[in-house]
Amino acid sequence: MKRAWQAALAVLLLVFAFFAFESLRLSLRDALGPGPGFFPFWLSVAGGFLGLVLLVQIARGTFAFETRNLKFEPRPVALVLGGLIVATALLEAVGFRLAMLALLPYLLLVLGVRNWFALAIFSVAGSFGVYHVFSGLLKVPLP
Amino acid sequence: MEGLQYLVSGFASALTPANLAFALAGCILGTLIGVLPGLGPSAGTAILIPLTFTLDATGAIIMLAAIYYGAMYGGTITSVLINVPGEAASVVTCLDGYQMARQGRAGTALGIAAIGSFIGGMFAALALVVVAPPLARFALSFGPPEFFALMFLGLCLVTGLAGQSLAAALLMTVLGLLLALIGIDPVRGAPRFTFGIPELYDGLGFVPVVMGLFGVAEILLVVEAPFRRVVETKLKGLWPSAEEWKRSGGAIGRGTAVGFLLGLIPGVGAVIPTFMAYILEKRLSKHPQKFGTGAIEGVAAPETANNAYANAAMVPLLVLGVPSSPTIAILMGAFIINGLTPGPFLFKERPDLVWAVIASFFIGNVILLILNLPLVGLWARLLRLPYQYLCAGTLLFCIVGAYSLKGTLFDVGVMLVFGIIGYLLRKLGMPLAPAVLALILGPFMEKSLRTSLEMSAGDFGIFVTRPISAALLAVAVLILAVSALRLAALKSIRGGSS
């Protein structure tokens with residue numbers, strides 16, 4: 001847990017450093033008063049300070065970790081995320097219906113569904129059915 | 001009682017067949033979200049926003065508000081039947097609700113929860129009618145310094161109550177504020193932190209970010225650790241006995257007062273009123289030892305407080321433009337998508353919409369009572385839905401919602417990125433609520449701050465020389481100080497006991 005927090009805080013410190021650097025490139029102050037960089041610069045400084053405070057607390061062992069289960073199960077998470085990323089990449093190329101017709105049975109299979117009839121019904125309803133409802137009835141444009 | 005006059009015209013609008021249908025659909029969808037474990041009110045409300053894209057603003061807000069309070073009630077059903085709260089506010093209901101179910105009194109527990117929620121919700125909505133107009137009139141005198149101080153106070157309240165580390169909660173607030181500043185600078189028109197990507201000129205879309213942080217992240221956590229199967233419970237005898245009524249009456253009254261009063265304070269969140277109502281009942285009870293073993297007051301008080309809070313929490317949003325919780329922040333996002341900015345000016349500029357939405361709270365409470373007394377068995381059966389279909393369906397709606405907002409793949413990408421970020425942050429136990437509230441309040445806060453400093457030619461004294469702004473800032477600082485002391489005391493107690 002300690003390592004995970006330290007890694008997360010290191011990333012956040014980099015994010016705050018980026019925002020601070022970019023804010024300085026914008027003006028902090030102009031003729032009318034505070035410039036576009038004013039608020040983000042001081043926020044970045046505050047964020048950096050808080051990040052350092054937390055790092056010191058963790059190093060001194062005074063930080064109260066609010067532990068959720070930090071045990072990772074990378075396989076199902078990676079498979080679901082991978083499917084989502086591929087489907088998103090295909091969304092405009094093959095259209096919503098075909099992308100979802102591929103994604104939904106993939107997700108159900110990854111999650112352990114082996115009832116082929118239910119899987120087929122859900123996939124068709126979730127792709128063609130949802131497309132019909134949103135694009136046809138609700139006039140929400142989908143690719 | 002000018003509020004009542006406006007309310008009558010609000011009812012005329014809310015009772016049109018279309019708006020009634022939107023309220024009904026919202027209550028059904030909201031209850032569904034609350035009932036299905038793994039999908040909280042925030043994620044549910046966010047992924048259902050696209051359903052309202054083609055509706056007029058009044059219909060859209062009525063439907064989303066109904067989804068919100070429907071979800072707040074729906075969580076009760078899982079708390080009682082399977083000891084798994086559908087949303088955080090229902091945690092305390094598990095203590096006695098599940099024990100009642102084990103004793104074969106699940107029907108009575110759900111019955112008193114529905115009745116208590118109805119009474120609490122109706123009283124809170126009525127009190128809103130009385131409180132909102134004078135408060136909105138008072139808030140009309142606010143200038144940019146007062147609005148900045150008010151939003152700062154709202155953020156401090158949420159931050160002070162989030163998690164076990166004040167520094168971590170403040171860090172998440174700062175991160176949310178910074179992310180909110182991506183896009184065109186609202187005062188000078190300069191692009192900021194956009195990497196030259198045109199899609200970022202409008203800023204990060206609030207809906208894709210929230211869908212990612214709550215919807216996608218939630219599903220990734222569920223996929224990792226699927227929730228348990230549902231236990232079989234028979235539902236009978238929804239109506240409480242005379243003795244149970246006697247024991248619940250006071251609890252419902254006190255729960256209403258606790259829920260409403262705490263709902264008025266921005267940032268309190270739904271968990272605190274339910275716990276406070278429960279603790280109050282336990283303290284006042286002649287048989288406190290019965291709490292935790294199936295005491296009906298232990299269900300009536302928190303459930304009443306929960307719904308009274310849900311209705312009262314609309315006051316800070318509608319009157320001051322300050323959301324009390326992540327779900328209310330999502331509702332605020334829906335207002336903004338519809339071209340409306342919640343706050344005192346909304347009462348002046350769009351009274352038709354505001355009062356139709358307030359009238360819909362009364363209608364929604366009646367619909368929820370009907371849905372949750374005779375149809376409770378139907379909701380209980382939905383608990384048997386395999387989680388795999390729920391996960392796949394939620395992700396499908398997330399993709400539809402993120403894409404349909406602007407019709408670009410970019411927003412779907414934003415949602416996925418924030419899904420991963422939300423998953424990691426939640427694994428670490430970092431509080432997300434301050435970040436979400438900061439994300440929605442960020443642009444308004446910056447604009448108020450910079451306008452104030454322009455008014456004073458760069459002198460920060462403007463925030464302390466104006467009495468309202470100074471008072472709000474003093475309260476904000478006090479809250480942060482009290483939170484820090486509370487957490488330090490907790491730490492020393494833990495240190496002493498270990």
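Small disclaimer: the values here were computed from a predicted structure and weren't measured. Below, read A as the first sequence line, B as the second, and so on, with proteins coming before strands; counting in each chain starts at 1.
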Between [X] and [Y], is any pair of side-chain heavy atoms under 4.5 Å apart?
| X | Y | answer |
| --- | --- | --- |
| A:M100 | B:V400 | no |
| B:L171 | A:L9 | yes |
| A:V113 | B:P386 | no |
| A:L12 | B:M430 | yes |
| B:V174 | A:F16 | yes |

Please flag which part of [X] lies under 4.5 Å from any non-hydrogen atom of chain B: side chain, backbone, both or neither.
| X | result |
| --- | --- |
| A:S23 | both |
| A:P141 | backbone |
| A:L54 | side chain |
| A:L26 | side chain |
| A:S27 | neither |
| A:A118 | both |
| A:F122 | side chain |

Residues, nucleotides or ligands: over 12 heavy atoms within 6.0 Å of [X] [atom1]:
| X | atom1 | result |
| --- | --- | --- |
| A:R29 | CZ | yes |
| B:F152 | CZ | no |
| A:R25 | CZ | no |

Is chain A contacted by the side chain of [X], its backbone, both, or neither, given a heavy-atom distance below 4.5 Å?
| X | answer |
| --- | --- |
| B:C398 | neither |
| B:I399 | side chain |
| B:Y403 | side chain |
| B:L449 | side chain |
| B:L425 | neither |
| B:A190 | side chain |

>> If we define contacts as heavy-atom pairs under 4.5 Å, which of A:A8, A:G126, A:P143 has the most with chain B?
In response: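 Greatest number of close heavy-atom pairs with chain B: A:P143.
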> In terms of heavy-atom pairs under 4.5 Å with chain B, which of A:L50, A:V130, A:L81, A:L104 leads?
Replying inline: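 The answer is A:L50.
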>> side-chain contact (heavy atoms from CB on, under 4.5 Å), that's the test. Do B:L395 and A:V80 meet it? Break it down for me.
In response: CA-CA 10 Å; B:L395 291 173; A:V80 168; 3.8 Å; yes
Pairwise distance [atom1]([X]) to [atom2]([Y]) - rounded to 0.5 angstrom:
| X | Y | atom1 | atom2 | value |
| --- | --- | --- | --- | --- |
| B:R192 | A:F39 | CZ | CZ | 9.0 Å |
| A:N115 | B:Y389 | CG | OH | 5.0 Å |
| A:T88 | B:L416 | OG1 | CG | 4.5 Å |

> Would B:V223 and A:V110 count as a side-chain contact (heavy atoms from CB on, under 4.5 Å) if you check the C-alpha gap in whole Å, the side-chain angles of each, and the deciding distance to 0.1 Å?
Replying inline: CA-CA 10 Å; B:V223 163; A:V110 163; over 6 Å; no
> How far apart are the closest heavy atoms of A:E73 and B:E224, and which atoms are they?
Replying inline: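 Where A:E73 meets B:E224 most closely, the heavy atoms are N-OE2, 2.9 Å.
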> Testing B:I182, B:L178, B:L177, B:D185 for side chain to side chain contact (heavy atoms under 4.5 Å, CB included) with A:P40, which one passes?
Replying inline: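 Running side chain to side chain contact (heavy atoms under 4.5 Å, CB included) over B:I182, B:L178, B:L177, B:D185 with A:P40 returns exactly one hit, B:L178.
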> Hey, is the main chain of A:L111 close enough, under 3.5 Å, to the side chain of B:Q388 for a donor-acceptor pair?
Replying inline: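 Yes; at least one donor-acceptor contact below 3.5 Å.
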> Any idea how A:F18 and B:F195 line up, ring-wise: parallel (<30°), tilted (30 to 60°), or perpendicular (>60°)?
Replying inline: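 Rings of A:F18 and B:F195: parallel, under 30°.
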>> Before you tell me yes or no, could you show the steps for A:F96 and B:L396 under side-chain contact (heavy atoms from CB on, under 4.5 Å), namely the whole-Å CA-CA distance, both residues' side-chain angles and the distance that decides it to 0.1 Å?
In response: CA-CA 10 Å; A:F96 176 84; B:L396 170 74; 3.8 Å; yes
> side-chain contact (heavy atoms from CB on, under 4.5 Å) between B:E446 and A:F38: does it pass, once the steps are laid out?
Replying inline: CA-CA 9 Å; B:E446 187 192 19; A:F38 177 80; over 6 Å; no
